[in-house]
Amino acid sequence: MESDDDVDMHAANANEELDDMKKRLKEMEDEAAALREMQAKVEKEMGSVQDPATASASQANREEIDSRSVFVGNVDYSCTPEEVQQHFQSCGTVNRVTIRTDKFGQPKGYAYVEFLEVEAVQEALSLNESELHGRQLKVTVKRTNIPGMKQYRSRQANPYAGGFRGRTPYAPPFIYSPYGYGKVPRFRMAMRNSPYY
């Protein structure tokens with residue numbers, strides 16, 4: 001009879017443990033669901049997760065803005081956006097001027113000028129090689145970057161770059177090594193008459 005009580009007791013303990021485990025599992029699932037919900041909310045706010053329709057619409061919007069923009073190279077580092085805007089004011093209504101900077105806030109030497117009209121871009125291209133702050137500007141049409149299509153430059157594109165590509169490296173004349181192939185001489189003990197031990 002006692003053995004039946006022991007079995008019932010073990011079964012009761014096992015059921016309690018099982019209930020505890022189910023309860024903990026439910027809590028963990030609820031916590032995971034809450035975390036997923038928070039993650040989705042943050043990503044939505046950051047704009048990193050977009051449905052394909054929104055992504056294609058934003059891509060089309062970006063292409064439309066880029067069609068009204070020009071790239072301005074060789075901009076003087078002391079130039080302000082207002083001065084660049086004044087320089088391109090004759091082409092059409094300037095919507096925005098962006099002078100790119102590095103992570104320390106120093107100008108990179110180029111800018112983007114966005115116009116309200118597409119026709120202003122052709123007028124702006126006529127200002128190529130004009131001077132601003134004593135520097136000759138380079139004005140070209142702004143190209144649209146396609147997300148995920150990073151443009152890698154070939155390492156062999158510049159024939160004047162350093163390295164030995166395309167020619168054999170300098171090989172010193174062969175000299176017989178007294179220590180044997182691949183052996184390096186060890187430092188010898190200091191001579192006895194040397195003042196420095």
Side-chain angles (χ1 to χ4, degrees), residues 34-173:
L35 283 172
R36 277 195 296 272
E37 190 178 308
M38 286 171 53
Q39 180 74 20
K41 185 177 173 184
V42 167
E43 286 177 350
K44 187 176 179 184
E45 286 176 6
M46 298 294 284
S48 61
V49 172
Q50 299 174 335
D51 60 328
T54 310
S56 63
S58 69
Q59 179 67 20
N61 186 29
R62 195 174 303 131
E63 286 176 13
E64 192 267 328
I65 290 172
D66 288 350
S67 69
R68 296 184 280 120
S69 304
V70 291
F71 168 84
V72 184
N74 202 23
V75 176
D76 187 44
Y77 295 121
S78 64
C79 227
T80 64
E82 291 78 23
E83 291 169 328
V84 176
Q85 183 175 354
Q86 278 181 336
H87 188 74
F88 286 94
Q89 200 71 50
S90 61
C91 305
T93 311
V94 177
N95 187 30
R96 177 172 50 186
V97 175
T98 308
I99 295 179
R100 302 299 299 185
T101 57
D102 61 11
K103 61 183 177 181
F104 303 111
Q106 301 298 318
K108 287 186 172 182
Y110 64 91
Y112 295 107
V113 180
E114 180 191 327
F115 296 98
L116 287 175
E117 313 89 19
V118 178
E119 299 78 31
V121 172
Q122 294 305 318
E123 294 288 323
L125 292 176
S126 66
L127 287 178
N128 189 24
E129 298 183 359
S130 62
E131 281 199 10
L132 179 65
H133 278 246
R135 294 184 74 167
Q136 200 173 37
L137 299 179
K138 176 153 176 51
V139 183
T140 58
V141 178
K142 183 177 189 286
R143 61 182 171 80
T144 303
N145 288 333
I146 301 167
M149 294 293 290
K150 187 166 181 165
Q151 294 175 338
Y152 294 101
R153 282 190 226 153
S154 171
R155 290 195 38 85
Q156 296 181 351
N158 186 355
Y160 303 107
F164 295 109
R165 283 187 286 283
R167 59 179 194 260
T168 56
Y170 169 74

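If you read the sequence from its start, that first residue is 1, and numbering goes on from there.
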> Quick one, Asn128 and Lys138 - any side-chain contact, counting heavy atoms below 4.5 Å?
yes
> Check whether any side-chain heavy atom of Val94 lies under 4.5 Å from a side-chain heavy atom of Val113, and answer yes or no.
yes
> Hey, does Val97 have a side-chain heavy atom less than 4.5 Å from the side chain of Phe88?
no
> Please report the shortest heavy-atom distance between Cys79 and Ile99, naming the atom on each side.
O-CD1, 3.6 Å
> To the nearest 0.5 Å, tell me how far Glu119 CD sits from Cys91 SG.
12.5 Å
> Can you find a heavy atom in the side chain of Pro107 that is under 4.5 Å from one in the side chain of Val75?
no
> If I take atom OG1 from residue Thr140 and atom NZ from residue Lys142, how far apart are they, to the nearest 0.5 angstrom?
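Here the rounded value is 10.5 Å.
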> With sequence neighbours excluded, tell me which residues meet ring pair (Phe, Tyr, Trp, His ring centres under 6.0 Å) with Phe71.
Tyr110, Tyr112
> Ser130: what forms a side-chain hydrogen bond (donor to acceptor under 3.5 Å, both in side chains) with it, not counting sequence neighbours?
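For Ser130, the residues satisfying side-chain hydrogen bond (donor to acceptor under 3.5 Å, both in side chains) (neighbours in sequence not counted) are His87.
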> Can you tell whether the side chains of Glu37 and Lys41 come within less than 4.0 Å, N to carboxylate O?
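Salt bridge flag = no for Lys41 with Glu37.
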> My understanding is that only residues two or more places apart in sequence, or in another chain, count here; which of them pass side chain to side chain contact (heavy atoms under 4.5 Å, CB included) with Thr80?
Glu82, Glu83
> So do the side chains of Val141 and Leu125 get within less than 4.5 Å of each other, counting heavy atoms only?
yes
> Is there a donor-acceptor pair under 3.5 Å between the side chain of Asn74 and the backbone N or O of Gln136?
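Flag set: sc Asn74 to bb Gln136 pair under 3.5 Å.
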> With rounding to the nearest 0.5 angstrom, report the CD to OG distance, Glu114 to Ser67.
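Rounded to the nearest 0.5 Å, the CD-OG separation comes out at 9.5 Å.
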> Could you tell me whether the side chain of Arg68 and the main chain of Phe115 form a donor-acceptor pair under 3.5 Å?
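Side chain of Arg68 to backbone of Phe115, a donor-acceptor pair under 3.5 Å: yes, one is there.
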> Drop me the distance from Arg96's CZ to Ile65's CD1, to the nearest 0.5 angstrom.
6.0 Å
